[in-house]
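One structure below.
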Amino acid sequence: MLDIRFVRENLDAVQQALRNRGTSLEVLEGFLELEKDRRRLIAETDDLRNRRNVLSKEVGKLKGKGESAEALMAEVRGFGDKLKELETSLNLIEDKVRLTLLGIPNIPHPTVPVGPDETANREERKVGTPRRFDFQPLNHWDIAENLDIIDFERATKIAGARFALYKGLGARLERSLINFMLDVHTREHGYTETFPPVLVNSDSMTGTGQLPKFREDLFKVEGTDLWLIPTAEVPVTNIFRDEVLEEKDLPRYFTAYTPCFRAEAGSHGKDTRGLIRQHQFNKVELVKFTTPEKSEEELEKLTANAEEILKRLDLPYRVITLCTGDMGFSAAKTYDLEVWLPGQDKYREISSCSNFSDYQARRAAIRYRPEGRKKNEFVHTLNGSGLAVGRTLVAILENYQQADGSVIIPEPIRPYMGVDRIAKA
RNA sequence: GGAGGAGUGGCCGAGUGGUUUAAGGCGGCGGUCUUGAAAACCGUUGUGGGGGCAACUUCACCGUGGGUUCAAAUCCUACCUCCUCCGCCA
């Protein structure tokens with residue numbers, strides 16, 4: 001959420017941000033008038049309440065002295081209806097203002113390239129060289145089915161399309177990758193491991209920006225106020241919702257492995273085969289809380305932490321900066337890591353690392369007490385995948401596949417797997 | 001799921017309808033004293049909104065939402081959370 005005062009005083013900048021994102025300016029229509037009405041109503045209600053308070057105290061004084069207060073009481077009685085009326089309109093208008101603010105995306109950071117879609121994204125660097133195959137490399141779903149480590153058909157019977165049933169060394173590889181990633185981030189990168197709820201309430205979903213605008217992307221548990229998380233970003237960022245942190249305790253780093261659930265509404269026909277786009281997938285997430293001064297630097301470090309996993313697995317990847325039109329709603333700046341998939345002959349997203357500036361912190365009321373200054377300020381929140389586990393497994397299958405159909409296990413995963421290769425039984 | 005109890009400031013805790021301020025304590029901050037520290041003493045210390053260049057002023061907030069009243073932390077009501085006991089359960 002943007003600061004209401006900022007929107008009021010910098011409407012041009014907000015409009016420009018919306019244009020750069022390729023979003024309609026419709027949300028802003030009538031905002032200034034609404035905000036003006038809000039302030040007028042506050043002044044009126046406060047004034048009336050003040051008069052009521054003063055007179056009511058007068059009544060108390062008179063009664064204390066044993067004098068009659070009937071006349072005063074009769075006068076103040078008339079305030080009630082008017083006050084209720086004012087309060088009702090004020091509540092209505094404040095709800096509207098809040099809803100408007102919740103519908104305005106974050107302002108892109110000045111270093112973000114301006115552009116309409118992914119064609120305007122900026123490649124920052126390429127790391128590693130795609131391997132040359134002396135045979136035709138297969139898609140991961142063919143590799144997996146040949147090795148009998150993933151059963152897509154039965155997963156469809158059990159749940160439906162876009163689900164997978166991992167089996168044998170496939171299941172073990174998924175688990176090994178989770179453990180490897182968590183071990184690197186907790187032991188070497190300073191993150192605290194958490195294991196949060198994967199069902200969260202509407203307040204949490206609103207805090208990080210999924211609600212109210214993107215409910216159709218989410219699964220909801222019927223008859224409750226609970227939603228399945230689309231990413232661990234939601235529960236972990238909300239750890240400090242409605243809290244005030246001490247500056248000396250910042251920055252705070254958290255990591256979490258969770259399953260993630262996405263309705264994938266609007267992506268019919270996209271990536272229908274294989275593991276790339278599932279309703280349920282595993283992810284190890286990195287989340288940071290920091291001061292505004294440090295957040296840009298922290299984004300670089302967080303991205304490097306995610307990259308480290310790819311480097312150790314020796315998977316070729318590139319880093320791109322998402323342009324204004326391709327960036328998520330709450331983000332001020334996003335780096336995507338894209339891993340090389342020989343089966344598809346292209347780079348595919350495997351991690352998304354974002355700085356949300358104070359946008360989520362304001363929605364979720366996460367503040368800190370700056371040392372030496374009196375006023376509390378909003379922290380900056382960041383997060384990134386470190387990494388998407390299913391897609392990492394895809395990358396391993398495709399990049400480490402051999403002519404005989406087997407798959408070599410990358411060195412750092414072998415201690416977790418107990419084998420150095422997955423071959424046909 | 002059933003029965004009972006409880007939610008007050010950073011923390012503990014008083015407060016069953018009013019008379020300038022939610023008492024008191026702890027903690028934090030500043031000061032006095034001291035070579036330094038402790039102790040003692042004095043002062044200070046919530047969040048958010050509105051108005052104002054500012055000093056300042058005003059409103060709201062005692063788990064949350066409604067309600068009663070001239071006036072609500074206090075009364076009514078629904079809900080949420082926690083605790084105790086019973087039942088069920090991985």
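Proteins come first, then strands; the chains are lettered A, B, ... in the order of their sequence lines, and each starts at number 1.
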Option passing side chain to side chain contact (heavy atoms under 4.5 Å, CB included) with A:V284 (candidates A:V184, A:T392, A:V389) | A:V389
Give one of base, sugar-phosphate or nothing for A:D47, where a contact means two heavy atoms less than 4.0 Å apart.
-> nothing
Watson-Crick or G-U counterpart of B:G4, or none if no pair lies under 3.5 Å | B:C83
Please state the P separation for the pair B:U57 and B:G5 - nearest whole angstrom.
-> 45 Å
Hey, which of these two, A:R39 or A:R51, hits RNA chain B nearer its 5' end, going by closest nucleotide?
-> A:R39
Across every strand shown, the nucleotide meeting Watson-Crick or G-U wobble geometry with B:U68 (both distances under 3.5 Å) is none
Contact class for A:R8 (heavy atom, under 4.0 Å): base, sugar-phosphate, or nothing?
-> sugar-phosphate
For A:R40, which contact category applies under a 4.0 Å heavy-atom criterion: base, sugar-phosphate, or nothing?
-> nothing
Under a 4.0 Å N-O cut-off, is there an ion pair linking A:E87 with A:R49?
-> yes
Go through A:I396 and A:L177 one step at a time and tell me if the side chain to side chain contact (heavy atoms under 4.5 Å, CB included) criterion holds.
-> CA-CA 10 Å; A:I396 288 173; A:L177 288 171; 3.7 Å; yes
Report the base-pairing partner of B:A90 (Watson-Crick or G-U wobble, both distances below 3.5 angstrom), or none.
-> none
Answer with base, sugar-phosphate or nothing: what part of the nucleic acid does A:K63 contact at a heavy-atom distance below 4.0 Å?
-> base
Strand partner of B:G10, provided both Watson-Crick or wobble distances fall under 3.5 Å = B:C26
For the base of B:G51, is there a side-chain donor-acceptor partner from A:D46 under 3.5 Å away?
-> no
Nearest-nucleotide wise, let me know which of A:E58 and A:R77 is further upstream toward the 5' end of RNA chain B.
-> A:E58
Is any side-chain N or O of A:N53 closer than 4.0 Å to OP1 or OP2 of B:C59?
-> yes
Atom C1', compared across B:A73 and B:G13: separation rounded to whole Å = 14 Å
